[in-house]
Amino acid sequence: MGMRTDPGGKSRPLTTATVPLLAAFAFIYIHTVFCSHQDAVHITAILGESVVFNCHVEFPADQPVPYVLQWEKKVGDTGQEIPIYIWYESYPTHSGEGYEGRVSRVSPDSPYGAASLNLTNIRESDQGWYECKVVFLNRSPNSHKNGTWFHLDVHAPPRFSVTPEDVIYVTLGDAIILNCQAEGTPTPEILWYKDANPVETTATIGIFNDGTELRISNIRHEDIGDYTCIARNGEGQISHTARVIIAGGAVIMVPPTNQTKLEGEKVQFNCEAKALPGNVTVKWFREGAPVREVAALETRITIRRDGSLVVNPVSADDSGQYLCEVSNGIGEPQSASAYLNVEYPAKVTFTPTVQYLPFRLGGVVQCYIKANPPLQYVTWTKDKRLLEPYQTKDIVIMNNGSLLFTRVNQNHQGRYTCTPYNAQGTQGSSGPMEVLVRKPPVFTVELEPMYQRKVGETVEMHCDAQEAEGTQRPTVQWQRRDGSSLDKNRVKITGGNITIEGLKRSDFGFYQCVASNEVATIVTATQLVVEGTQPHAPCNLTANASEFAVTLSWLPGYSGGPDYKQDYTIWYREAGVSEWSTIPVTPSGSTQVTINRLAPGATYEFQVVGKNALGEGMMSNIITVRTLDVGVIHKVQVNPTPFFSPSDDSDILDYSIIIFPTDSSGDVFIPPILKPKGPKPGPPRNLTVTEISNGFLITWQPPLERSNLIQYYTIKYKTDGPYKNLNKGQIRPEETQYLVKNLVGGRTYYFRVLAYSVKSYESSDEVKFPVPARVKHKAITAGVVGGILFFIVAIILSVCAVKICNKRKRRKQEKAYNMVACRITDSRNGGSAADSQVPLKKTVESESYRDYESVFIIPGTSVDTNLSDCIRVLFAARWIITGGKKVKSCAAVETSSVRTLTYLEKAEYQV
């Protein structure tokens, strides 16, 4: 059904009345004039605008006659023509589908032809061929042409159909594709710009698919920026910008902090984070569990929009670590934690109504306390009277506030209460606790000290206990002293008896029988020895390392029985190596061995295994030992010999420096150790020397290049001679300063810092440092003062020594005079010795004389002598001159006819 236009200009469908009218024109010869495509009029229009197809009506003989105006458009590949507009005077107009309201005949007053067509709101689909047909009614077909062909080109400015996101988050190394597609007539051209500059294609950046795709295969820092896609044609251009940003995971800007609160107060933990993109998610945990899943916190917590956690009010059990975790989906979540310390007065958490103490044993009356801050002290009452444990025998207050009775007696029975205190005070006393003194259980069946069985046999160990009167029967349990579990398949426990069937090496050890009731727990133990097994693992493995050797020592494990002797094997390997090397220990049974020919400065792993006639036992624990670095490296000139010559690896090993390892006896063995070549670290930087209060501080900065290769630093210095090492040991790579205390004033020092890698070293620039002369003056002054003090002390000691010697000499002389008496008259008259004995003056019993020997003189025959002769004899040395000979022992000597007897012992004698 067609369309028509009413007088108001609105298009309406053609009615059935119109059809007969058109059919009536069928008999009329229609003269339609077609214009060839070569004479067509080409019109260009802009999308959305209007265009007028100018078509004139040329009447036959210039005489107006009725006519029908019809506009048609070719559609499809077949060129089918469809009417888009039909006009006949006094009849409604017809508009084709899609053209309703957009096509109309121009006004008669316009400058265009009477058959011209006005097309408004042009669409891209309007592009194509149009034909203007004027049909004259009742006219011969020979009338000349009065219509024409038009071609409409519809131009449209670009518009985007596909664009990249405004912000694209990437990480370094990612690959991305920016897709930008546009529509328009003519087809738009796509251009790409980065930060206002045209994008240049490289190995990692390319433009594909007619410019619609920008691909970056490996994002680098320089690829970050704003990428603009421009679509343009003859009708205009548009652009779209996408910002490529390195994505950043969430970072906590304000972490939570530790807080201390009183019970009942409110606490808030902050956790502010930033991220790119900013879609940050905050999660809170308490002691590893999400706070929303902690039942005790569920009704008292709030997580705010800024990520902070609020607990209101806090309780004593809320103390602990709280952790916030933030994430925006990029990278690993970040976290920070803080500790909540909830303080409250000390309180008793549990009060048992009855507690028991074992008679004549040690026992404890518990006071179950909870306190924060920590407990300060506890007061106790017994039978409503204050108990003073510090003044009571056999009672001690433990650190946890409980009472310890070192030896229980009947007087300790009674009704007790405890009251705990801390810095916040107390929440009150416990309830009354009835403390009863009862006899503890006793073992009625004792264990043997040791049970010895062979592998595969069965052992039975019997144990039983009995309760005291008025107490419950004790329960008896068995356990291993080392805490390992019992094999339920082979172990049977009946009452207090235990049976272990099919004994194995693992059953070896100590077993405990434990009897418990409400009064006390008693324990007895025994040892089970399983014979006929492989040795047990050696223990206490220790090592002592040198440059090329490690000495191991250990304690033997159980050998497997008295009939078995065990030998040992050392298993060792260098760290990072999968295969183990073994060395048998000699002599047999030795528990110490030295392993030689190890590389210096290397890390090794060692373990020991015992072996007897039944086979190898269990391995000891592995210990890790590092051999010492070589202290001195000897430089030698290498001459090729049949045994040793540089090989093709001279670019790896330095044949000018050789380390000759030695064994434990000091003998050199082959092969020698060649120092490897390798990359050097960069030189240390900014070496400075600064004088400080307690010396001189040498500082430097690590190398800019290859600082990761540094193993240690060494500082060298010189004054007038060659460089010497300043530091005794190696300086660790993380240390960049060294304190020197003893530089000589007035001298100039030169310093260098050497950075050593595993294979080489590099030196810093030389730094010159003149030490001020006042440092020297300080040293001289200190030396002078020290010398003067030493001289004064020496003089004082010398004077004291002289006085002591003089005093001793004077005392010795006085003693000699007092101890001697000579009766010269009797000697001259020839008196007998017995009659003429002259008793010496009795020595005063004083400590002052005990250092002197006692001398007795017995006069002999008549001799011409006098007192002076005797005195001369007495003042002789501790030895006596007799006949020209020196005699040191006690003897009777004759000198000038005088018999002299000298005793050298520190005692007194009388002859």
Side-chain angles (χ1 to χ4, degrees), residues 258-265 286-287 296 314-321 338-441 477 479 481-483 512 514-523 525:
N258 297 338
Q259 298 191 53
T260 298
K261 295 291 182 180
L262 291 177
E263 189 173 23
E265 293 183 343
R286 180 187 179 276
E287 300 293 346
V314 296
S315 69
D317 295 330
D318 293 340
S319 292
Q321 188 179 57
Y339 192 86
L340 173 61
N341 181 34
V342 180
E343 293 187 348
Y344 48 89
K347 58 184 175 181
V348 178
T349 59
F350 170 66
T351 302
T353 56
V354 178
Q355 296 194 52
Y356 291 90
L357 291 177
F359 183 63
R360 292 182 179 175
L361 295 179
V364 176
V365 175
Q366 298 281 356
C367 183
Y368 297 92
I369 299 169
K370 189 175 182 180
N372 188 29
L375 180 71
Q376 291 182 334
Y377 63 94
V378 177
T379 61
W380 284 85
T381 65
K382 178 177 180 290
D383 297 330
K384 298 183 179 181
R385 305 180 74 176
L386 183 64
L387 180 66
E388 296 289 350
Y390 302 105
Q391 300 176 4
T392 305
K393 186 180 179 181
D394 299 333
I395 301 180
V396 178
I397 292 185
M398 303 172 65
N399 290 337
N400 63 357
S402 299
L403 283 181
L404 171 64
F405 296 82
T406 57
R407 183 176 176 83
V408 176
N409 57 53
Q410 289 295 339
N411 294 330
H412 295 150
Q413 184 166 295
R415 179 168 293 187
Y416 291 76
T417 64
C418 62
T419 306
Y421 293 86
N422 66 358
Q424 296 293 341
T426 182
Q427 294 189 21
S429 303
S430 68
M433 296 174 284
E434 194 71 32
V435 176
L436 304 176
V437 175
R438 296 289 185 268
K439 292 182 179 180
Q477 295 179 331
Q479 62 187 25
R481 193 164 70 180
D482 60 3
Q512 293 178 332
V514 182
S516 302
N517 67 359
E518 74 278 15
V519 178
T521 297
I522 57 176
V523 179

Requested in this report: Please check if the side chain of Glu287 supplies one atom and the backbone of Gln321 the other of a donor-acceptor pair under 3.5 Å.
Outcome: yes
Report task. Could you give me the CA-CA distance, side-chain angles and deciding distance for Ile369 and Val378, then say whether side-chain contact (heavy atoms from CB on, under 4.5 Å) is met? Result -> CA-CA 10 Å; Ile369 299 169; Val378 177; 3.6 Å; yes
Query raised in the report: Rounded to the nearest 0.5 Å, how far does CD of Gln376 lie from CD of Gln424?
Result: 9.5 Å
Requested in this report: Establish, yes or no, whether the cationic atom of Lys347 lies under 6.0 Å from the six-membered ring centre of Tyr344 and within 45° of the ring axis.
Outcome: yes
**Report entry** Within 6.0 angstrom of Lys261 NZ, more than 12 heavy atoms from elsewhere
**Finding:** yes
Query raised in the report: Nearest 0.5 Å, what's the CD-OG1 distance between Gln427 and Thr349?
Result: 11.0 Å
Query - Residue pair Leu387 / Lys382: nearest heavy atoms and the distance that separates them - result: CB-N, 4.3 Å
Query raised in the report: In Å, rounded to the nearest 0.5 Å, how long is the span from OG1 of Thr260 to CG of Leu340?
Result: 8.0 Å
Report summary line: Closest heavy-atom pair, Ala520 versus Pro358, reported as atoms and distance to 0.1 Å, is CB-CB, 3.8 Å
Query raised in the report: Once you round to the nearest 0.5 Å, how far does NZ of Lys370 lie from CZ of Phe350?
Result: 15.5 Å
Query raised in the report: Within a strict 4.5 Å, meaning less than it, do heavy atoms of the Met433 and Cys418 side chains meet?
Result: yes
Report task. Would you confirm whether Glu263, through its side chain, and Ala316, through its main-chain N or O, come within 3.5 Å as a donor-acceptor pair? Result -> yes
Query raised in the report: Is Arg286 paired with Asp317 through a side-chain N to carboxylate O contact shorter than 4.0 Å?
Result: no
Report task. Return yes when atom CG of Asn399 has more than 12 non-hydrogen atoms of other residues, nucleotides or ligands closer than 6.0 Å, and no otherwise. Result -> no
Query - Closest non-hydrogen atom pair, Val365 against Trp380 - result: O-CH2, 3.8 Å
Report summary line: For Ala346 and Leu375 the tightest heavy-atom approach is CB-CD1, 4.5 Å
Query raised in the report: Less than 4.5 Å apart, any side-chain heavy atom of Leu357 and any of Val435?
Result: yes
Query - Inter-residue atom distance Asn411.CG - Ile395.CD1, 0.5 Å rounding - result: 9.5 Å
Report task. Assess whether side-chain contact (heavy atoms from CB on, under 4.5 Å) is satisfied between Thr521 and Val514, documenting all intermediate values. Result -> CA-CA 7 Å; Thr521 297; Val514 182; 3.5 Å; yes
Query - Smallest separation among heavy atoms of Tyr416 and Phe405, with atom names - result: OH-CZ, 3.8 Å
Query - Any side-chain donor near an acceptor of the partner, Thr381 and Thr417, under 3.5 Å - result: yes
Query raised in the report: Can you tell me how far OG of Ser516 sits from CD of Gln477, rounded to the nearest 0.5 angstrom?
Result: 6.5 Å
Query raised in the report: Going through the distances and angles, do Thr351 and Ser430 end up as a side chain to side chain donor-acceptor pair (under 3.5 Å)?
Result: CA-CA 6 Å; Thr351 302; Ser430 68; 4.6 Å; no
Query raised in the report: Do Arg407 and Arg360 come close enough that some side-chain heavy atom pair is under 4.5 Å?
Result: yes
**Report entry** Verdict with reasoning, Leu262 to Val342, per side-chain contact (heavy atoms from CB on, under 4.5 Å)
**Finding:** CA-CA 5 Å; Leu262 291 177; Val342 180; over 6 Å; no
Query raised in the report: Between the side chains of Asn341 and Asn372, is a donor N or O closer than 3.5 angstrom to an acceptor N or O?
Result: yes
Query raised in the report: Under a 4.5 Å cut-off applied to non-hydrogen side-chain atoms, are Leu436 and Val354 in contact?
Result: yes
Query raised in the report: Side-chain contact, heavy-atom cut-off 4.5 Å: Asn422 with Glu343?
Result: no
Query raised in the report: With distance as the sole test, does Gln512 use its side chain to make a donor-acceptor pair with the main-chain N or O of Ala525 at under 3.5 Å?
Result: no
Requested in this report: Please report the closest heavy-atom contact between Val364 and Gln355, naming both atoms and the distance.
Outcome: O-OE1, 3.9 Å
